[in-house]
Amino acid sequence: MPIGLYRVNGLSMSPGLAPGDYVVTLKRWKSRYRVGDIVVARHPHFGRIIKRIREIQPDGMLWLEGTHPDSTSSEKMGAIFNTYVDGRIIFKITL
């Protein structure tokens, strides 16, 4: 089970995740994500992002969203392959 540690850089998931927080992710083999999971993903245009899963299409494509009003819209980001997800956030570290 790969475990990851990432630093939050932007405001898109605030107030729940703030810049400077760290998140721990877990990715199991054949991970099954659910709507509402907060994940770290490698977006083809926006780089590494932390977002909540808004929708899962039958073909496995994921629509992601931020919680902050100024977050990039799901429509602008578009759907991504579930294989781009580095892991589901299981723990937050606030310093």
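As the structure is a prediction and not an experimental result, all values here were calculated from the model.
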Using modelled atom types and a 3.5 Å cut-off, is there a donor and acceptor pairing between side-chain atoms of Thr67 and backbone atoms of Ser14?
yes

Does Thr72 reach the side chain of Phe46, with side-chain heavy atoms less than 4.5 Å apart?
yes

Treating His43 as the side-chain partner and Met77 as the backbone partner, does any N or O pair qualify as donor plus acceptor under 3.5 Å?
yes

Note: Arg48-Asp86 ion pair, threshold 4.0 Å (strictly below):
yes

Shortest non-hydrogen contact from Lys27 toward Pro2
O-CD, 2.8 Å

Using the rule that two of Ile, Leu, Val, Met, Phe, Trp, Tyr join whenever any of their side-chain heavy atoms come within less than 4.5 Å, decide whether Tyr84 and Ile49 are in one cluster.
yes

Residue pair Asn82 / Gly60: nearest heavy atoms and the distance that separates them:
CB-O, 3.4 Å

Mind listing the closest non-hydrogen atom pair of Tyr33 and Gly87 along with its distance?
OH-CA, 4.2 Å

Atom CG in Leu62, atom CZ in Phe81: separation rounded to 0.5 Å?
10.5 Å

Working to the nearest 0.5 Å, report the span between CD1 of Ile56 and CZ of Arg32.
11.0 Å

Whether Lys92 side chain and Tyr22 backbone form a donor-acceptor pair below 3.5 Å:
no

Same cluster or not: Ile38 versus Val23, using hydrophobic residues (I, L, V, M, F, W, Y) connected whenever any side-chain heavy atoms lie under 4.5 Å apart?
yes

Decide yes or no for Leu17 and Ile89: does some side-chain heavy atom of the first lie under 4.5 Å from some side-chain heavy atom of the second?
yes

So, taking the atom named CD1 in Ile80 and the one named CG in Leu64, what distance separates them when rounded to the nearest 0.5 Å?
4.5 Å

Ignoring hydrogens, what is the shortest heavy-atom contact between Glu65 and Ser74? Give both atom names and the distance.
CB-OG, 3.4 Å

Is it possible for you to say whether Ile93 and Ile3 belong to one hydrophobic cluster, with membership spreading through side-chain heavy-atom contacts below 4.5 Å?
yes

Taking all atoms of both residues into account, what is the closest heavy-atom pair of Asn9 and Pro19, and its distance?
O-CB, 3.8 Å

Hey, any chance Met13 and Leu95 share a hydrophobic cluster, counting ILVMFWY side chains that come within less than 4.5 Å of each other, even indirectly?
no

Can any side-chain N or O of Arg54 pair as donor or acceptor with the backbone N or O of Gly66 at less than 3.5 Å?
no

May I ask you to decide if Val39's main-chain N or O and Asp37's side chain share a donor-acceptor pair within less than 3.5 Å?
no

Can a side-chain donor-acceptor contact be found between Ser71 and Lys51 if the only test is distance below 3.5 angstrom?
yes

After noting the C-alpha distance and the side-chain angles of Val85 and Val40, does the key distance pass the side chain to side chain contact (heavy atoms under 4.5 Å, CB included) rule?
CA-CA 6 Å; Val85 174; Val40 175; over 6 Å; no

Do side-chain atoms of Ser73 reach the backbone of Lys76 as a donor and acceptor pair under 3.5 angstrom?
yes

Which atom of Ile50 lies closest to which atom of Ser12, heavy atoms considered
O-OG, 3.8 Å

